[in-house]
Each structure stands twice: as C-alpha cells, then as structure tokens.
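Everything on this sheet refers to the single structure shown next.
Values in this document were obtained by computation on a predicted structure and should not be read as measured data. FYI, the numbering just counts along the sequence from 1.
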Amino acid sequence: MTNKYDISLTMPAIRVPNWKNFYKSAEDSCKNHTFELVIAGPFDAVKELKGYPNVQYIPTKANPSVATQLANISSKGDLIYNCVDDGVFTNGAIDWVVDYFKDNCSLKDVVNMRYREAGGGLGNELPSEFWRATTHPELCLPGIHPDWSIALHFVMKRDTYITHGGIDCQFEYSNHGIHDLMFRLQDAGGKVHHSLPEGLNCNHFMGRSGDHAPIHDAQTQHDSPLFKSIYTDPAAAKNRRMLRLDNWENEDEIWGRRDYNEGASTYEDFLSE
C-alpha cells in the first residue's frame, strides 16, 4: 500500500462531542506534515468532520480493542499514532514526532508519546519512572523484562504494526493489548523512545464514573487476569511475537458491556439511559 499521509491518528471513540476540538488541536499540532484521523466506534461522526478527505469513520459496536485494530488496519499513514478521544494535542507535538521518527528510529522502534491525564484535563506531568513497565505492580511478571518500557500512546510504522499482527483483541480494552504489543516488539529488538514534548492532554474518569464503567470492569475482571496468565511465562513475548492480524474476527460484533439498544443512536442518548 502506498502511504497517503505522513501519520494516522487512530482511536476507538465514543465521546462524539470531543471530536471537533480533537481534530482542531491536531491541525494546530501538525502544520508541517500530512495527517489523517481514523475513528472507529458505535456513533456517527460529527457533522463538522463529515466530508473531510482526511477523516475516516469506521462504524463498529465491537469491543474497544477491535475498534483499535480496525482503525489501525484501515489507516493510510506511514506512521500510526494511537490516540484517545478525551484529549487535545499540544502545539507542534505531531510535527515533532514525525520528524523525530524519521531521524532517530528503526523500523521496529516505537515513540512513546507522553501524555497527561486527570479530571478536567488538569493533570501534572508524569514522572519518567511511570513509563517503565516494572513501576506498575501488575506488570512485574516473569515474562516482562525489567528494562522494558510502556507506550500506550505509541507512534510506530504502520507496516510494523501490520507485520506483528497489531494488538490481541481477546483483551476487551486496548491497554493490555498495547502493553503486549510493546513487549513483543521490544523482545524482537525494537526500542521505545520517550518523547520530549507531551502529545495529548487528556481528561480522565476514575473507576466506574461517567461512561467509564464498562472499561473499568473489562480491565479488572477480564483483561488483567488474562494478561497475568500469559506473562507468567518467561517466554511469552517471544512465543507471541507475531499474531494473526485478523484476530479481531474472533470477537463478538457487539460488545456486551455496553448497552446499545435501538434508542441509543447518539452518545447523548447513550449517557441518558
């Protein structure tokens, strides 16, 4: 495939009211390169973004990992930037990472675009230790090397993502699948570079607050135990280095943790139920 854009901003997304400001912040952050926005989720795109040639919308009610996989597979950029829809970009950050990757990274490398998150988008800068896997107790497992890094908002070559099969969609939410992908890449010799600028300034719902309950439940009840069972094996990353890219087809078309009845055609309808 010929890459049409320098970078694709991809995300599973339900928070439709945020998308206009997200796109505008991307324009302000990417003035020297070309970008596209690829959204996958259950609600239609906002009217302000319809018809934009650099905006793709993929309708899906599957779990967020499937939405992430579909967005990344459908992207047309040389690079993929995995994003979330409750943030806004800092000025110049996207331009910075496109230039940095070209000058400093190999095909297997990843740039961890550091971010902030807190209620109201007023978070503080996260300490450098946060990006080390072993800072997090649930990642202190036999299959995770103490020198490995995490990169939830990753930037990497689209071709590398495709070659390694992307994320494992048996994890319902994307976080554990992204950890898994980053560890598989680092086991294969890739390096995680940490960004100088922060990429996104994000909002954050704690626990089961707001629209976050299905995500919280998926991570704590399903994804975390599954991840632990896999990475108890010291050779987990090596044994899982290449996944089937179509692994998303094994998952349900409608994610059972969200109640998508016929009356909830918009994000606002969904919240009111």
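Note: Glu172 CD to Gln219 CD = 10.0 Å, rounded to the nearest 0.5 Å. Between the OG atom of Ser174 and the CE atom of Met11 there is a distance of 12.5 Å, given to the nearest 0.5 Å. We find the NZ-CG distance between Lys228 and Leu226 to be 12.5 Å, quoted to the nearest 0.5 Å. Interatomic distance, Met182 CE to Asp187 CG, rounded to the nearest 0.5 Å: 13.0 Å. Remark: Ile215 CD1 to Thr220 OG1 distance equals 11.0 Å, nearest 0.5 Å. Here the CG-CD distance, from Leu200 to Glu117, works out to 10.5 Å after rounding to the nearest 0.5 Å.
With sequence neighbours left out, the side-chain contact (heavy atoms from CB on, under 4.5 Å) criterion links Asn239 to Asp233, Ala235. Legend: residues meeting side-chain contact (heavy atoms from CB on, under 4.5 Å) with Leu107, ordered by chain and number and at least two apart, are Lys157, Thr160. Partners of Asp246 under the side-chain hydrogen bond (donor to acceptor under 3.5 Å, both in side chains) rule, at least two apart in sequence or in another chain, are Arg244.
Between Phe227 and His179, the two ring planes are perpendicular [angle over 60°; tilted spans 30° to 60°].
At a threshold of 4.5 Å between non-hydrogen side-chain atoms, the residues Thr163 and Met242 count as touching. Side chains of Lys61 and Glu253 form no contact here, defined as non-hydrogen atoms less than 4.5 Å apart.
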> Hey, mind stepping through Trp131 and Arg114 against side chain to side chain contact (heavy atoms under 4.5 Å, CB included) and telling me if it holds?
Replying inline: CA-CA 8 Å; Trp131 312 109; Arg114 299 180 307 109; 3.6 Å; yes
>> Evaluate Lys76 against Glu36 for salt bridge (Lys or Arg N to Asp or Glu O under 4.0 Å), listing each step before the verdict.
In response: CA-CA 8 Å; Lys76 297 181 175 65; Glu36 68 166 342; 5.3 Å; no
> Given Asp168 and Arg240, is the salt bridge (Lys or Arg N to Asp or Glu O under 4.0 Å) satisfied, shown in steps?
Replying inline: CA-CA 10 Å; Asp168 189 342; Arg240 295 167 49 78; 3.0 Å; yes
> Given the rule in the ring pair (Phe, Tyr, Trp, His ring centres under 6.0 Å) test, do Phe171 and His222 qualify, once you have shown the distances and angles that lead to the verdict?
Replying inline: CA-CA 8 Å; Phe171 298 108; His222 179 269; 7.5 Å; no
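Judged purely by distance below 3.5 Å, without hydrogens or angles, the side chains of Asn91 and Ser29 never pair a donor atom with an acceptor atom. In summary, the side chains of Glu138 and Ser224 do present a donor paired with an acceptor at a separation below 3.5 Å, with no hydrogens or angles considered. A side-chain donor from one of His33 and Asp99 sits under 3.5 Å from a side-chain acceptor of the other. Ser25 and Asp28 share no donor-acceptor pair across their side chains, judged by distance under 3.5 Å alone.
No donor-acceptor pair closer than 3.5 Å links the side chain of Asp85 to the backbone N or O of Val16.
With Tyr161 as reference, Asn72 is the one residue of Asn72, Thr10, Asn82 to meet the side chain to side chain donor-acceptor pair (under 3.5 Å) rule.
For Asp44 against Lys50, the heavy-atom pair with the smallest separation is OD2-NZ, 2.8 Å. When all heavy atoms are compared, the tightest approach of Phe22 to Gly87 is CD1-O, 3.3 Å. The minimum heavy-atom distance between Ser75 and Arg158, with the atom names listed, is O-NE, 2.9 Å. Closest approach of Leu139 and Ala133 over heavy atoms only: CB-O, 3.3 Å.
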Residues 142-155 side chain polar contacts: donor-acceptor under 3.5 Å, at least two apart:
from: His145; atom 1: ND1; to: Asp147; atom 2: N; distance (Å): 3.0
from: Ser149; atom 1: OG; to: His194; atom 2: NE2; distance (Å): 3.3

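Residue pairs that meet the ring pair (Phe, Tyr, Trp, His ring centres under 6.0 Å) test with at least one member in residues 48-70, sequence neighbours left out, are Tyr23-Tyr52. Listed by first then second residue, pairs satisfying ring pair (Phe, Tyr, Trp, His ring centres under 6.0 Å) with a partner in residues 62-88 read Tyr81-Phe89, not counting sequence neighbours.
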